[in-house]
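Contents: one structure, followed by commentary.
Note that the coordinates shown come from a computational prediction; the quantities given were computed from them, not determined experimentally.
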Amino acid sequence: MERKSYLKTLNLSSDESAGGPDVSTLDGSFGFKSDLANLRTAKACVEYNYLTIFSLECHVLTRGELCPNPDFDGIVAIFYAVQNNVPEEEGVPTHVSGVIIDDMFSADAGLKHSGVEINAIHAETEKELFEKFTEVIKYWDPDILLGYEIEMNSWGYVIERGYVLGINMPNALSRLRISGPESKKTDEDKDFEVEYESELKIPGRIVLDVWRLMREEIALTSYTFESISYHILHRRYPKRSYRDLTKLWHSPRSRWIVLEYFQLRSQGTLEILDQLDLIGRTSELAKLFGIQFFEVLSRGSQFRVESMMLRMAKPRNFVSVSPSIQQRAHMRAPEYLPLILEPESRFYVDPVIVLDFQSLYPSMMIGYNYCFSTCLGRVEHLGGTEPFEFGASQLMITPEQVKKFLKRDLITISPCGVIFVKSHVREGVLPRMLKEILDTRFMVKKAMKIHTSPSLQRILHSRQLGLKLMANVTYGYTAANFSGRMPCVEVGDSVVSKGRETLQRAIALVEANPKWRVRVVYGDTDSIFVQVPGRTREEAFRIGEEIVKAVTADNPKPVKLKLEKVYQPCILQTKKRYVGYMYETPDQKEPVYEAKGIETVRRDGCPIVGKTLEKCLKILFETKDVSIVKRYVLRQFTKILSGKANVQELIFAKEFRGLNGYRPGACVPALELTKKWKQTDSRKEPRKGERVPYIVVNGPPGLPLIKLIRSPHELITDEGLKINAFYYIQKAIIPPLNRCLLLIGVDVNDWFANMPRTATFLPAIGKESTGMLTSGKADVKKSTISQYFARTSCAAGCGNQTSDGICDQCVREHPQKTLLTIFNRVSTLERKYCGVMKICQLCCGSERDTNCSSLDCPVLFVRTQAWRERKHVDYVMNALKNRM
DNA sequence: ACCTTTTCCTAT
DNA sequence: TCAGATAGGAAAAGGT
């Protein structure tokens, strides 16, 4: 009844679902008709999950440059996108989006211009907007609530704003109807909440903070919506400031831009999850581990291991111990470390075979029956009459028992002196579990080869990945110390020490065989790098296979060495840092560049460092000609020195750990910028875990680096700021480059020192500074002293240096020619500027003067630069007028 | 100038 | 980083 009447308000009658939604299917009772074919049911279960997902964005009118603040700023529009994952036959619309607008002044304004169809609901006041919104939620009854960022925006803002208006939104959004008075919160409860920053919870629904999920999903330097949608959806979205959005909203002619902006975003958030199949994969893991959907995302790996392990333990009548914190703290410290060889650091032209043990630690546990349930403790404790320390607990083995075990040869001793019974005495719970996991994974992989339907492939893939994950973290569970729920050093140490011994034995076996004539040059925990001097790659592959056979035969099942790849050539830098050209099969023609640990795979440098390094290595690997590398490097340096480098590639971005996440006095760019922002806007504080971008600018010598840190946005608005080319070259690019090139006897510092300096610098404009994004306000920033020293080439192109934009000689001696040159430059730059603007508009799809300000915008900095150049010529023209 | 500590991120 | 583990390298700042 309620829903029916609501349909009209929702304006859904024109929706693609001809008959309108079948209301009965909306509240979770999806009983299949009995006559439905089983096959179809099965197929549907694979293809559809019957979940309703509700993505939300809200538009807030803000004050000046400030971020939205629920204490002052009202919500004027709530945008949503709903996805129903059901078969078409269900008769429920699968994709719907809409907006609830508070427009007391101008109903319908903006919508007419839009050309985009948005289901709109109108409200007279903000309070009414909240009520309508609650009704929309009740109507769709979503299982999952989505927001790109839900702490300060979307759901978080709606809830906080609700409190200001006296509405308890968490209650209103909840699926559980809490009757009676609202749950009262004591002061203590509140303290508790603040201290642990409890995440947003809506009873009965799952709330997902998409950017946080993305942070775990992929490694990127930025997790803004624009950046994620570019990398996942390969789609550019414009970014607009709150100030611009507020301005655009106020004019009926431009309001549609705001509507479209948020509608696209609420849909985009849904599409990102869809593209990654995040819901599907998470449900798959939940089924696999036997835990709840949200627990897959919110809980750690211990929880997963425990869930599976206890399932295995129960039928065997085992109960897990629950040591207290004191007991855990009392446990002995682990003694064994994984084996990491110090690599022979150099450039290898010979093929280098990389072999590694497949799931070494799980194999150790299976192969030697290492488990809580099979461990008898340390050799020295055995056969005493007193209980001894064991894990976080105690254990006692009587002399009689020991005698019996010894006499019948029923025990094994791990390299760290811990005794386990053999598997025919008792098969350990963990070994059994791991064996099943590995076997299942093998079966799943086999099934993947048979079944080729994409949706099934996806499911099987995530299933086998989950199994691999589980196998790998099981060791961690036994070795966890401070956070561990049931740690046991004896078991953990045995696994590490046996793994170490296995690796060492393999290394010895490889080096001892004179037939192969090879050397082990590096190894880390479960891998060995074998140099094959003076032979071809084909031979290397053949020798590799022989090694695999020999080592595998030398170990118990299921321990298996695998030929992972052959590098040729490669550079071993240090432990955990190496690069090479990789061949995975003997008949592979084109190698694949692969790097581990070095700057090309790290996110703590700026992109230009990684790119330059990668390019250099590729040139080096392909041509083995250092002069070509040198030519490339010097060209890069020139580009940076002349200010022509792409500023986006100069942006560093590091994770912000929260205002309380640092030691007092910590000197961290992200913290420094945050403190500066907080002075003017308390809501501008980055979220914990957010990556804060920054650049390094020029400044007087002697200043610590931290004083030269600016946000990229400042670089755009403050024309006095210039990129610190010397920092980028000498501190950022050269050291990583040198770590590779010094190994072949080349010092990039020398290249730089002997470089011809004909660098021209970007002109700095003094007083006319009206930042492009500061709306021409008279906020002239007196910036770094560097701008006063700026001397540039004469604009007339005579080659003289001048601080007036144009030199006296040109003005006095041939004014006609000078004027012509300048006019020509003006028109050239004007064309260039218009061209750049066109590209920007093309990408953002919006009209003139409403370009985006996203740091991910491909032309943002080019635009700024073009604008400045044009501005500079204006300045020169003015100067010229006065002097002629 | 050298050493230590803190921070950040990666390999296994 | 209300919780798998440790090893490891490098940059920056500050102390001696």
*With sequence neighbours excluded, tell me which residues meet ring pair (Phe, Tyr, Trp, His ring centres under 6.0 Å) with A/Y694.*
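If we apply the ring pair (Phe, Tyr, Trp, His ring centres under 6.0 Å) test to A/Y694, skipping adjacent residues, the hits are A/F652.
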*With sequence neighbours excluded, residues passing ring pair (Phe, Tyr, Trp, His ring centres under 6.0 Å) with A/Y477*: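 Ring pair (Phe, Tyr, Trp, His ring centres under 6.0 Å) check on A/Y477 returns nothing, list empty.
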Rounded to whole angstrom units, what separation is found between the [atom1] atom of [X] and the [atom2] atom of [N]?
X      : N      : atom1 : atom2 : value
A/K468 : C/dG4  : NZ    : C1'   : 16 Å
A/D526 : C/dA7  : CG    : P     : 16 Å
A/D524 : C/dA7  : CG    : P     : 12 Å
A/R485 : C/dC2  : CZ    : C1'   : 13 Å
A/R212 : C/dC2  : CZ    : P     : 11 Å
A/L297 : C/dA3  : CG    : P     : 13 Å
A/I733 : C/dA10 : CD1   : C1'   : 17 Å
A/I325 : C/dC2  : CD1   : C1'   : 12 Å

_Say we look at C/dT1 and B/dT7: how far apart would their P atoms be, to the nearest angstrom?_
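C/dT1 and B/dT7 have their P atoms separated by 13 Å.
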_Contact letters for nucleotides 11-16 of chain C, in which S counts primed atoms plus P, OP1 and OP2 and B counts the base, heavy atoms under 4.0 Å_ = SSS---
Which residues share a salt bridge (charged side-chain N to carboxylate O under 4.0 Å, His left out) with [X], sequence neighbours left out:
X      : value
A/R346 : A/E344
A/K731 : none
A/D604 : A/R602
A/K611 : A/E649

When we call it a touch if two heavy atoms are under 4.0 Å apart, what does [X] touch: a base, just sugar-phosphate, or nothing?
X      : result
A/N481 : sugar-phosphate
A/I598 : nothing
A/V601 : sugar-phosphate
A/T221 : nothing
A/S483 : base
A/R691 : sugar-phosphate
A/A219 : nothing

*Lys/Arg cation over aromatic A/F357: A/K560, 6.0 Å, 45° cone*: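 No, A/K560 does not lie over the aromatic ring of A/F357.
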Taking only residues two or more places apart in sequence, or in another chain, which ones meet [X] in a side-chain contact (heavy atoms from CB on, under 4.5 Å)?
X      : value
A/D524 : A/I340, A/Y522, A/S527, A/K576
A/N660 : none
A/R299 : A/E295, A/F303

*Can any side-chain N or O of A/Q573 pair as donor or acceptor with the backbone N or O of A/R577 at less than 3.5 Å?*
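Such a contact is absent between A/Q573 side chain and A/R577 backbone.
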*Do other residues, nucleotides or ligands put more than 12 heavy atoms under 6.0 Å from A/R485 CZ?*
no
_Please identify the 5'-most and 3'-most nucleotides of DNA chain B with any atom under 4.0 angstrom from a heavy atom of chain A._
B/dT6 to B/dT12
_Given DNA chain C, 5'-ward residue of the pair A/P334 and A/G689, judged by closest heavy atom_ = A/G689
*asked:* Quick check on contacts: within residues 568-582 of chain A, what sits under 4.0 Å from DNA chain B by heavy-atom distance?
replied: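 Only A/K576, A/Y578 qualify.
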*Would you indicate which nucleotide in C/dT6, C/dG4, C/dG9 comes nearest to any side-chain atom of A/R602?*
C/dG9
*A/T224 and A/Y148: side chain to side chain donor-acceptor pair (under 3.5 Å), yes or no, with the steps?*
CA-CA 9 Å; A/T224 57; A/Y148 191 76; over 6 Å; no
